[in-house]
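Below is one structure, written out as structure tokens, with a few remarks after it.
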Amino acid sequence: MEDNKTQAAASVEDTDGRSAPVSSKTDDTGQSGSEGTEQRREQPEDGGAQQADDGGSTDGATATNNNSGTEHGNQADRILVEGMQEIEISDGSSNGGLKPPPLKATGAPAEASYSAAGSAEQQEKPRSPGRRPLSPNAIGIVRTSSKSPATTHPLQGGTGAGAGDGRGSAVSSPKGRSFESADRTAAAAPMTSIAASSASAVGRAPASRVAGGEISESEEDDDDPVLAYEEEQRRRFRLAEQRRVQKEQLAQRCVSSEDIETMRSGLYNARESRNATELRILNGKYPDGLRGSLFMVGPGSLDISYNVQGELEQSTRAFTFGNLMDALPLVTKISFDPNAGSGSGAIVHRSRLVAGHMASRIQTEHGINARIPGSLYQSESNQTVLTRFMPRQTYPITAESDCCSQSVQLFVPLQGSSQNIVCTNHTGALQNIDPVDLRPRAIVETKQINGAFACSLSCPHMQHDANTREHFMVLQDVGFRSTTYSVVSVSEAHPDGYVVATFTAQPSVLHSFSLTRDYVVVPVYPYQAPVGGPGYRWSDSLLETLEFDRTRPVVFYVISREYRRVHCVYKAPAFFAMHQINAVQEPAADDSVAIDCIAYEDDAVLRRLRIDSLRRASAGFAIPSAQIRRYRLQRITMEAQHYVPGGLRMASVPAAHVLVLRNEPAELPSVSPAFVGKPYTYLYGVSHLDRLLRRGEGLAGTGPGSTMYNCLVKLNVADPAEPPRIWSRNHCLPSEPVFVPRSDAEDDGYVVSVFFDSMRIASCLLVLDAATFEEILIAQLPSPVPVSFGHAKFAI
């Protein structure tokens with residue numbers, strides 16, 4: 001190696017065709033020009049440093065050499081950096097500044113470096129203004145290695161290998177946007193890459209320069225195609241993941257008009273509040289003497305999100321239940337304590353989603369893999385036909401592994417204790433829930449209580465006899481040729497239960513039944529089912545399997561509690577009822593039973609509880625209207641003498657007498673608990689305000705109405721001429737009213753309900769005076785409760 005003062009000249013071609021030697025020498029202090037320059041050079045700014053790192057790995061990049069036309073002592077080279085930023089480098093001054101040295105590649109495996117050589121005379125010669133930069137081929141710049149590790153920048157995504165292999169890397173900006181580094185766009189923008197590479201080379205000159213050396217070329221290593229493909233896939237995956245996260249963040253910040261309409265419908269996922277929260281009273285005062293707890297069950301989760309892994313990115317989709325009756329449950333408890341709150345009374349609220357494990361299973365399977373046929377009312381399972389032939393993944397039965405969202409019953413003796421509340425569904429599952437903190441204890445199937453209680457379908461509503469403290473259920477065991485109905489009883493005296501009676505009939509959608517002092521009355525509605533073929537067993541949705549038949553009658557099976565057998569049967573023209581109001585057994589001299597119910601022409605009310613339709617109030621969708629009817633079954637003892645078990649012929653079956661009590665539509669009926677099974681006068685329920693104002697139209701003229709029930713109503717069933725008492729507020733959708741007695745008088749008490757305010761998107765507790773139907777209290781709940789056909793019970 002020659003002395004540092006040896007000059008190596010290289011002839012380079014300028015843009016106008018002339019040759020100009022470039023020289024390299026040391027200054028008077030004996031320090032090489034490159035080292036001196038590095039000591040005095042300032043670090044580039046943010047953008048320049050970042051782009052310099054990116055540009056350092058670009059193939060074919062060159063350094064520019066412009067003449068400024070000014071004196072050597074004040075001369076500055078400006079290097080254009082990507083992003084239209086400039087870095088000024090001082091290359092000499094009268095107070096000891098150093099000239100920039102020539103560049104020389106060391107040949108070591110460092111990052112891509114660039115060098116050039118020339119004569120000192122041409123380096124010190126004043127440059128003419130306006131000269132264009134030298135072409136890349138003119139100064140002989142080559143890339144020494146493609147495997148060189150690149151310097152990592154704080155804003156540069158990925159590793160050094162991704163930045164130095166010529167394929168680029170993802171860089172995240174402070175605002176969360178992603179873009180590709182400069183080496184990705186080098187071919188499309190050569191001028192930008194050349195300038196960025198020059199800045200990078202100047203910034204890393206001490207690691208790759210040797211004073212007085214010539215430019216040395218080295219062969220570029222060939223990239224491994226397998227590693228290159230894997231790195232490209234990783235880079236694409238990182239970019240796709242960044243785009244997915246950005247979409248999710250944007251979706252959380254933006255609310256579409258469709259989302260607003262869904263929220264205002266009251267049919268969206270609920271938020272649970274497991275901790276006890278004291279409610280703030282918005283209007284009125286605490287009701288005098290009101291003590292106890294209101295337990296409610298209804299839909300809580302209507303949409304279940306799950307992730308789908310694509311080739312490059314994940315996407316989020318949602319499984320939405322089809323029918324409101326299929327949604328995962330939310331259990332709510334509202335406690336009234338008149339002695340709390342310094343003696344002024346306090347109202348405490350808590351709620352809980354009690355089907356968390358089933359929600360996780362839906363996320364895993366991207367839908368519902370029904371464990372038994374007919375377990376859904378009307379929802380697409382989102383499963384392919386092949387899943388029916390594949391072995392199903394087994395899941396342990398836990399306290400939250402089933403959907404019990406259709407009714408709630410208090411103090412049912414289960415698992416050795418009656419201090420519990422029980423939520424039910426239509427497939428024979430009972431969910432035991434702690435009445436204090438609403439913690440699910442267990443899922444109990446009816447066949448676990450008693451082996452004779454095996455069933456495919458069950459009636460969600462149980463009936464309770466307060467005198468004998470028995471709980472009655474109706475079960476359906478759907479067979480290949482016929483369906484066996486079983487009426488069973490469970491009590492503290494008989495915790496294992498017993499079968500009251502059985503009979504054979506066609507399968508039916510049964511939501512409630514009636515109970516009197518001596519009889520259990522089970523209505524079997526006319527449905528056509530593919531019994532004897534594979535159709536029923538292969539369907540997950542009950543309403544898609546069974547079809548209502550208006551040409552066939554409804555059959556009432558009267559079962560004697562004393563003799564434990566079917567006493568007799570009655571028939572009535574086709575109708576459908578979801579809820580029974582009351583059943584009154586007449587004096588022994590008349591020996592008849594009067595059954596009051598909310599009667600529809602068919603089961604359209606159940607089929608129209610479609611979540612997608614209920615969410616669109618602008619679509620003009622409305623729930624069908626109904627009548628309050630009484631079906632009287634007369635001379636039961638005499639008809640029992642003519643009944644022949646097993647040989648039912650409709651021609652010889654006596655008819656039930658039908659009486660329309662009120663034409664005003666109502667649903668979710670409630671009466672005073674002291675008058676259950678006894679003659680009564682007042683009925684409380686939900687209704688449509690506009691239909692009540694057009695009373696007398698009946699089933700023939702339902703008229704336009706709101707999507708869901710928008711008022712509470714009190715009706716006198718004994719006097720049809722008495723006008724109804726109505727509670728309503730604009731944009732408010734109430735749930736089932738519950739009567740809480742204050743004395744032995746039938747309408748002396750409180751009516752408790754929860755309504756959803758669609759304008760404020762909030763739910764409130766409502767307490768009315770049962771006699772006058774005037775507001776006593778309104779208190780806001782901590783989170784909205786979805787609108788539903790759910791049910792409630794009050795425990796004193």
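Quick note: residue numbers are just sequence positions, from 1.
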Partner of F548 by side chain to side chain contact (heavy atoms under 4.5 Å, CB included), out of D603, L606, V509: D603
Partner set under side-chain contact (heavy atoms from CB on, under 4.5 Å) for D748, not counting sequence neighbours: R742, S743, A745
Does any N or O in the side chain of E746 come within less than 3.5 Å of the main-chain N or O of T681, such that one atom is a donor and the other an acceptor? yes
Going by the rule ring-ring contact (aromatic ring centres under 6.0 Å, His included), which residues pair with Y525 if we only count those two or more places apart in sequence or in a different chain? F575, F576
So which pairs with a foot in residues 671-680 pass side-chain hydrogen bond (donor to acceptor under 3.5 Å, both in side chains), sequence neighbours left out? D596-Y680
With sequence neighbours left out, what residues match H464 under ring-ring contact (aromatic ring centres under 6.0 Å, His included)? H471
Would you say R629's side chain and L661's backbone share a donor-acceptor pair under 3.5 angstrom? no
Taking atom types as modelled, find out whether S541 and Q378 have a side-chain donor-acceptor pair closer than 3.5 angstrom. no
Salt bridge present between R517 and D465 (N-O < 4.0 angstrom): no
Using a cut-off of 6.0 Å, state whether more than 12 heavy atoms not belonging to D744 lie near its atom CG. no
Checking Q463 now: which residues fulfil side-chain hydrogen bond (donor to acceptor under 3.5 Å, both in side chains) with it, not counting sequence neighbours? none
For S491, side-chain hydrogen bond (donor to acceptor under 3.5 Å, both in side chains) partners two or more places apart: none
With no hydrogens and no angle check, do the side chains of S379 and D326 hold a donor and an acceptor under 3.5 Å apart? yes
Sequence-distant partners of F556, ring-ring contact (aromatic ring centres under 6.0 Å, His included), two or more places apart: Y631
Partners meeting side-chain contact (heavy atoms from CB on, under 4.5 Å) with V738 (sequence neighbours left out): L294, A792, F794
Residues in ring-ring contact (aromatic ring centres under 6.0 Å, His included) with Y570, at least two apart? none
If the plane angle is over 60° it's perpendicular, under 30° parallel, otherwise tilted; pick one for H426 and Y377. tilted
Using 30° and 60° as the class boundaries, would you call the ring planes of H791 and H461 parallel, tilted or perpendicular? perpendicular
Rounded to the nearest 0.5 Å, how far apart are CG of L765 and CG of L777? 6.0 Å
Scan residues 733-758 for pairs that pass ring pair (Phe, Tyr, Trp, His ring centres under 6.0 Å), counting only residues two or more places apart or in two chains. Y684-F739, W727-F755
I'd like to know if D747 pairs up with K714 as an ion pair, taking the criterion as any Lys NZ or Arg NE/NH1/NH2 lying under 4.0 Å from an Asp or Glu carboxylate oxygen. yes
Atom pair NE2 (H511) and OG (S407), whose distance is rounded to the nearest 0.5 Å: 7.0 Å
Applying side chain to side chain contact (heavy atoms under 4.5 Å, CB included) to Q506 and T483, what does each step give before you reach the verdict? CA-CA 6 Å; Q506 75 269 15; T483 299; over 6 Å; no
Do the charged groups of E272 and R350 touch, with an N to O distance under 4.0 Å? no
Applying side-chain hydrogen bond (donor to acceptor under 3.5 Å, both in side chains), name anything that partners D549, two or more places apart in sequence or on another chain. Q528, T551
Using the side-chain hydrogen bond (donor to acceptor under 3.5 Å, both in side chains) criterion, which residues pair with D402? Sequence neighbours excluded. R371
When you look at V671 and I581, which way does the side chain to side chain contact (heavy atoms under 4.5 Å, CB included) test go after all the steps? CA-CA 8 Å; V671 299; I581 302 172; 4.0 Å; yes
